[in-house]
Amino acid sequence: MIAIDPEIAEIFNAEANERLDRIVETLLAIEAGEGDAPAGAIDTMFRDAHSIKGSAAMVGCDQTRGIAHSMEDVLGTAREAGALAAGLVETLLSAADALRHAVTSETALEGDLPAPELAAVAAEPQAAPQRQDERRSIRMPTAKVDRLLEAVGENVVQTRRLEHVLRTSLGANGDERTSWELGRGKFLLDELQRAAIDMRTLPLGSITAAYPRAVRDLALASGKEILLEISGTETQLDRVILDGISDAISHLLRNCVAHGIESPAERERAGKPREGRIALRAEQRGSFVAIEVSDDGGGVDPSVLERGTDGGSLAEVLSKPGFSTASEVTDVAGRGVGLDAVKQHVESFGGTLVVDSEPGAGMVVTLLLPYSVALMRVLLIERGEQVFGVPLASVEEVTVVGSLLTLVGSESLEVHGEAVPLRDLATLVGAQATELGPQPRAVIVMSSRRRQAVACDRVVGEREVMLKSLGKLLSGVPGYLGAAIIDDGGIAPILDPAFLARQIAGTALPAVQEGSEEPSAPKVLVVDDQFTVRELQRSILEAAGYRVVTARDGREAWSQLADDAEVQLVVTDVQMPEMDGIELLQKIRADPRRSAIPVVVLTSLAADGEKQRGADAGADAYIVKDEFDQRALLDTVERLLVLR
Amino acid sequence: VSPHVRLRLGGESYALPISGVREVVDFGDVTPLPGAPRTVVGIRNVHGNVIPVIDLAGVLGLHVDERPAQILIVEDAERVAGLAVDGVTGVEVISDSIREIESPRLTGAVLLDGALVGVIDLQAVLAAVENERSG
């Protein structure tokens, strides 16, 4: 077993808790009778338990692994049966509590506190969630809900503070009971906070009712035949966000009618059906909601698309004020009208605007919005002894700026073969800070489809925070979406990724490919859908001198292999969304240019089938997750690279 | 005739109408906010809300060496802020007429216990910080 790096422990803790939150949420929904445990829900819970088990095994949290394993077993049986027995909900909730406790104690910096036995937890009385009658509702002023949310927020902060004070004063000698009570209190408060936030949300359907009629009228007036399809109206969004985007969506729909969909005659000439289609779709993606407005009209001019690839994203090009009046693009005049306003609006909530278009085939505008303005997932980073938050939606990855790369004189960092401008966070925001250490961290931030590397001293970890406004007095200070109160009662300003991008673009020197990087260090591609696992492997491999790139699933890995000819070895997990590890392996073996790349498959001990499938597909080596250790990984990688 | 909060700042005594004062808190942990106006010391967590803390001495043009000990949380119709002060000495009803004096940040001055006490113009102080931002 390896000693847990505190940073990894933190990340593991955050990830496990997030998965546990989802499991508990699903269990409560099942119990409340919102659907009788659909197979999908069981499957998701199974995956979550499985993932926690896998990470726990890798970071050496044995107790966590054990409990997660039991949960996985129970859920696995339920998955096969296609249903969850009613009595199991209670048991699984208890197990989730025990698991949370185990995660907390095993990732504590000093001394592992023993978790109470499962049975002891099960004996603890469980607060039965209120069964709700969906048909009844109450109306109340929104200010009341906001006051509740605020009061809950204050409680959360106070509790975190109390916990911090207690843990600090108890130190390593903290007794089991205190720790357990604290964990329990935090869990209950989390539930309360979630419930309060839920009260602020409304379904998208609450603002879409007027759209079909508006589109129909506009289409008639412009002599076009158009069908509007709306789906995902049940998707919940924060009331504040909904209010704000209602105008934005009607604007996008108007654009589709006026400038996207062609006249019936034109469509027939192009071999399309006379009737054009506009689709408004919404779906939840993690803690984000994606709202997509698409049409099957003419799309943007190819010349515009080209500008999109040269000078930033298509969204950026189209939303440049005054863009549509440019003479060379008269045929798409209007496609960008007002898009800058939409973009600014979306970004002010910590969201992103993405535009895709295929000439002749249409255009898709996606608004990626946080589920709640109040709650935001951020990555906390430290620079000059001050903690800042970056919205997780914009963070692509975190990397170590190698010691061979000098920050002075070299303004970019190589990320997956691409030169990404690198700037010191302190310089970007104008903070006082001592010089960066020898191995600063770089957060790769994606904004408006542009990557930039932001250098900081340390990565603190992921948090779900309440985003607070800086208030009217500071509303003009550029660079921040707001601020959040963190664990110890301190404050972390939350950075605006769009601001970082603008600052970097403003100071950008021509991208320099730094030549100081040692060319002989072999590059390893690590593929895993879990952040913890990826970061753990990355830190081990990088410490041993390898260059490491990562991918979240097989599909991403495959596109990286296509872009980056330098990858000399792949380490991949098996179970992943989109494209799994075996499929990735098959693709590599089938491609003549890449078939010789050694592939190490990371597999669970129990999954014998995986090993066989891997062997059939041509894996070079296996590492069993449950027996994972640093030496085994390094030995295997070294052996395979020497053979090559 | 209205109650005022009396405060100390840079060895001098000031008063502020109590109507605009919400509470008094210890200086505590104030987080710097890079990019904020110079007269903003930082932001502070007050009961779970993020409040900008204003260097009142700086706004009034005083030179103060010691670190402020307390923060007066003030508000008007649309703004909330903390004013960093050396200390709050109490609440006093000011019955004497306030004399007009030449100062852009004071509504006037009043003679209390034989000393001239400046009455702070909250609106002017907040406006000064806002203008610094936009200027």
Side-chain angles (χ1 to χ4, degrees), chain A residues 146-147 149-161 164 193 374 383-389 424-433 465-496 499-500 503, chain B residues 20-23 25-56 58-59 67 71-84 105 120-135:
Chain A
D146 289 348
R147 249 193 71 203
L149 196 63
E150 217 165 88
V152 172
E154 278 184 30
N155 266 296
V156 170
V157 171
Q158 186 55 38
T159 306
R160 278 186 193 161
R161 232 182 160 146
H164 188 76
Q193 189 177 32
R383 179 74 185 101
E385 286 175 15
Q386 188 175 357
V387 176
F388 295 87
D424 181 354
L425 175 59
T427 315
L428 290 174
V429 297
Q432 303 273 335
V465 297
M466 300 269 286
L467 184 66
K468 304 270 181 181
S469 153
L470 290 176
K472 183 170 179 295
L473 208 58
L474 298 179
S475 59
V477 180
Y480 307 99
L481 297 173
I485 288 156
I486 48 177
D487 310 0
D488 59 353
I491 295 181
I494 306 299
L495 297 162
D496 177 358
F499 169 82
L500 296 176
Q503 285 290 97
Chain B
V21 178
R22 202 161 77 185
E23 65 179 309
V25 296
D26 285 342
F27 192 77
D29 288 332
V30 174
T31 307
L33 186 71
R38 234 166 2 97
T39 49
V40 173
V41 190
I43 45 184
R44 189 190 188 284
N45 170 10
V46 180
H47 309 311
N49 288 308
V50 175
I51 309 286
V53 178
I54 295 171
D55 169 19
L56 183 60
V59 176
R67 189 184 123 109
I71 296 172
L72 213 56
I73 308 294
V74 295
E75 60 188 348
D76 68 1
E78 48 187 9
R79 298 169 290 201
V80 182
L83 305 179
R105 314 273 188 263
I120 293 166
D121 183 345
L122 182 57
Q123 297 295 328
V125 168
L126 297 181
V129 176
E130 269 190 314
N131 290 337
E132 187 189 343
R133 175 201 82 203
S134 52

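Each chain gets a letter, A, B and so on, in the order its sequence line appears, and its residues count up from 1.
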For chain B, the option from Ile485(A), Leu470(A), Val429(A) that forms the most heavy-atom pairs under 4.5 Å: Ile485(A)
Using a 4.5 angstrom heavy-atom cutoff, name the option from Asp29(B), Val80(B), Leu33(B) with the most pairs to chain A. Leu33(B)
With a 4.5 angstrom heavy-atom cut-off, which part of Ile51(B) approaches chain A: side chain, backbone, both or neither? neither
Taking Arg44(B) for its side chain and Phe27(B) for its backbone only, find out whether a donor-acceptor pair lies under 3.5 Å. yes
Measure Ile491(A) against the heavy atoms of chain B and call it side chain, backbone, both or neither at under 4.5 Å. both
Would you find a donor on one side and an acceptor on the other, under 3.5 Å apart, between the side chain of Asp26(B) and the backbone of Gly28(B)? no
Which bit of Val40(B) is near chain A, if near means a heavy-atom gap under 4.5 Å: side chain, backbone, both or neither? side chain
Please confirm whether the backbone N or O of Pro32(B) pairs with a side-chain atom of Gln386(A), one donor and one acceptor, at under 3.5 Å? yes
With the side chain counted from C-beta on, respond yes when Arg105(B) and Ile120(B) share a heavy-atom pair under 4.5 Å apart, and no when they do not. no
Measuring from Ile43(B):CD1 to Thr31(B):OG1, what's the distance to the nearest 0.5 Å? 5.5 Å
